[in-house]
Amino acid sequence: MRPTPFSTQIQSWYDKNKRDLPWRNTNDPYKIWLSEIILQQTRVVQGLPYYQKFIDSFPTVSDLANAQEQEVLVLWQGLGYYSRARNLHAAAKMVLSEFDGVFPTDYQNLKKLKGVGDYTASAVSSFCAQEPQAVLDGNVFRVLARYFNIDLAINSTPGQKYFKQLALDLLDKDQPGKHNQAIMEFGALQCTPKSPDCNNCPLNTSCLAIKHGKTDQLPVKHKAKPARMRFFNYLVKLDPDNNTQIQKREGPGIWQNLYEFPLWESDAAIDTHEVETYLNTHVTDKFVNLSRFNDKPKIHKLSHQHLYATFWILEIEKPITDPIAWQDLDKYPMPVLLTDFIKAFKI
DNA sequence: AAGTCGGGGGA
DNA sequence: TCCCCAGACTT
């Protein structure tokens, strides 16, 4: 079957404008999958160094499966959405246990892997096995919404169904992998979210958003509810040997399986006196000095939470019972809020 | 169907 | 400041 004019033009644009990215120079489904997990909700420039680190540390899916989760999380540190890293590791183990170490390339089996949803299964199966599956990511939503002037919300159920069918109708079944990569690259480089370069676009004569002057209003997306505020008081203990104490964050919630200093979450900003009261009733270590590291709360913004963090330095009288040497902190995966503090704090 | 899960960067 | 980024999972 002949590709649609849309696909032909997109692929022609792709031939001239595609970036040279490392995961485009391989057919190894393990590497393709790894790149797709890293790139979920993540810009290429941000994900690129992480991809290289993972390939260097774990050249094969067996290497990844045999690692400790903590190693994987340390490598993932700073990239966010840490469930991706936990699921990545679990999926690698599944490949060994359920697929005899052979990474699947078909949609149905890919979808069984933890962390692999419709997008990633479509991407890997179309790239590696030329399976006729249409990808639907933020780029594709934007390109299709504009080119066909569709105002269904991309984060509504009717919108998802409509765009999925449209993407499938447009797919070049003979070259689904190239088609999918082309439309995503087109969205990333040409049909950008803000101020797209429509004057220099090969589709500008047939684009319905341009025709109706609605390019800057598409795609339509329902707004997220505003973030909630949280107040984190980190108790940074230092004993006479310059050892400190950290603990693993258990689920549910943010930063599962990452480490942090002992945390007191309060329902408002706290002053020194209130911290002293808290310490006297909740912390058994005797401290010889208490000081506040940051005068104003450090604001750390996540998608759905705004964290107001204060670091309290506690000089402890006796050696800590479960000590961590300060210089060993980098062996533990931690959120950026804490690695920034550790970087700034000099003993 | 709505909420949750990070962090960074562009305008 | 707001929005988006090669989405997936839970409730």
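Letters A, B, ... mirror the listed sequences (proteins, then strands); counts begin at 1.
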Atom pairs under 3.5 Å: protein N/O with N/O of nucleotides 9-11 of chain B:
from	atom 1	to	atom 2	distance (Å)
B:dG10	N2	A:Lys194	NZ	2.7

* Which class fits the ring pair A:Phe54 and A:Phe58: parallel under 30°, tilted 30 to 60°, perpendicular over 60°? ->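 Plane angle between 30° and 60°, so tilted.
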* Across all strands shown, which nucleotide pairs with B:dG6 by Watson-Crick or G-U wobble geometry, both distances under 3.5 Å? ->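 Across all strands, not a single nucleotide pairs with B:dG6.
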To check you understand the geometry: which heavy-atom pair defines the closest contact between [X] and [Y], and what is its length?
X	Y	value
A:Gln256	A:Gly251	CG-CA, 3.4 Å
A:Gln9	A:Leu203	OE1-CD2, 3.2 Å
A:Asp151	A:Leu218	CA-CD2, 4.0 Å

* Asked: Would you say the base of B:dG6 and the side-chain of A:Ser303 have a donor-acceptor pair closer than 3.5 Å?
  ->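 Side chain to base: pair found, below 3.5 Å.
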* To do: Please confirm whether any donor atom in the side chain of A:Tyr119 sits under 3.5 Å from an acceptor in the base of C:dG7, or the reverse.
  =>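 When only heavy-atom distances are counted, A:Tyr119 does not reach the base of C:dG7 through any donor-acceptor pair under 3.5 Å.
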Provide, to the nearest angstrom, the distance between the [atom1] atom belonging to [X] and the [atom2] atom belonging to [N].
X	N	atom1	atom2	answer
A:Leu34	C:dA6	CG	P	16 Å
A:Leu258	B:dG7	CG	P	8 Å
A:Asn155	B:dA2	CG	P	9 Å
A:Trp33	C:dA8	CH2	P	13 Å
A:Phe141	C:dA6	CZ	P	14 Å
A:Leu88	C:dG7	CG	P	16 Å
A:Leu307	B:dT4	CG	P	14 Å
A:Arg84	C:dA6	CZ	P	12 Å

* Asked: Crowded around A:Lys164 NZ? As in, over 12 foreign heavy atoms under 6.0 Å?
  ->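 Above 12, so yes.
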* Salt-bridge test for A:Glu185 and A:Lys18: reply yes if a basic N is under 4.0 Å from a carboxylate O, no otherwise. =>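 Not counted as a salt bridge, because no side-chain N and carboxylate O are separated by less than 4.0 Å.
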* Asked: To the side chain of A:Gln181, which of B:dG7, C:dC4, C:dA6 is closest?
  ->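 Selected nucleotide (nearest to the side chain): C:dA6.
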* To do: Looking only at side-chain atoms of A:Val336, point me to the closest of C:dG7, B:dG8, C:dA6.
  =>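 The listed nucleotide nearest to A:Val336's side chain is B:dG8.
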* Apply the side chain to side chain donor-acceptor pair (under 3.5 Å) test between A:Asn257 and each candidate in A:Lys248, A:Glu250, A:Glu69; give the one that qualifies. =>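 Answer after filtering A:Lys248, A:Glu250, A:Glu69: A:Glu69.
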Mind checking [X] for me? I need base, sugar-phosphate or nothing, with any heavy atom below 4.0 Å counting as a touch.
X	answer
A:Gly78	sugar-phosphate
A:Gly253	sugar-phosphate
A:Asp118	sugar-phosphate
A:Gln305	sugar-phosphate
A:Pro335	sugar-phosphate

Which atoms of nucleotides 9-11 of chain C (N or O only) lie under 3.5 Å from a protein N or O atom, and what are those distances?
from	atom 1	to	atom 2	distance (Å)
C:dC9	OP1	A:Gly115	N	2.5

What are the residues of [range], sorted by number, that bring a heavy atom to within less than 4.0 Å of DNA chain C?
range	answer
residues 158-176 of chain A	none
residues 35-42 of chain A	A:Glu36, A:Leu39, A:Gln40, A:Gln41, A:Thr42
residues 13-31 of chain A	A:Trp23, A:Arg24

Are [X] and [Y] joined in one hydrophobic group, where the rule is that I, L, V, M, F, W and Y side chains link up if heavy atoms are under 4.5 Å apart?
X	Y	answer
A:Tyr82	A:Leu302	yes
A:Tyr332	A:Val336	no
A:Leu337	A:Tyr308	no

* To do: Compare side-chain N and O positions of A:Trp255 against OP1 and OP2 of B:dG7 and report whether any pair is under 4.0 Å apart.
  =>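 The answer is yes; a side-chain N or O of A:Trp255 sits under 4.0 Å from OP1 or OP2.
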* To do: Would you mind telling me which of A:Phe311, A:Trp326, A:Phe261 makes a ring-ring contact (aromatic ring centres under 6.0 Å, His included) with A:Phe345?
  =>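 Result for ring-ring contact (aromatic ring centres under 6.0 Å, His included) with A:Phe345: A:Trp326.
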* Determine the sole option in A:Phe231, A:Trp312, A:Tyr278, A:Phe232 for which the ring-ring contact (aromatic ring centres under 6.0 Å, His included) test with A:Trp264 is passed. =>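 Filter result, single survivor: A:Tyr278.
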* Taking for each residue the nucleotide of DNA chain B with the nearest heavy atom, is it A:His222 or A:Gln46 whose nucleotide lies nearer the 5' end? ->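 Its nearest nucleotide being more 5', the pick is A:His222.
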* **Along DNA chain B (nearest heavy atom to each residue), the more 5'-positioned of A:Lys301 and A:His304** =>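 Nearer the 5' end of the strand: A:His304.
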* Please name all residues satisfying salt bridge (Lys or Arg N to Asp or Glu O under 4.0 Å) with A:Arg84, sequence neighbours left out, ordered by chain then number. =>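 A:Arg84: no salt bridge (Lys or Arg N to Asp or Glu O under 4.0 Å) contacts found.
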Would you tell me whether [X] and [Y] have side-chain atoms, one donor and one acceptor, within less than 3.5 Å of each other?
X	Y	result
A:Arg24	A:Gln181	yes
A:Thr272	A:Glu276	no
A:Asp197	A:Gln190	no
A:Ser126	A:Asn180	yes

Suppose you measure atom [atom1] in [N] against the same atom in [M]; what distance do you get, rounded to whole Å?
N	M	atom1	answer
C:dC9	B:dG8	C1'	23 Å
B:dC5	C:dC5	C1'	14 Å
C:dC4	B:dG6	C1'	13 Å
C:dA8	B:dG9	P	24 Å

* Between A:Thr26 (side chain) and A:Trp23 (backbone), is there a donor-acceptor pair under 3.5 Å? ->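 Not at all, since once roles are kept as given, no pair shorter than 3.5 Å links the two residues.
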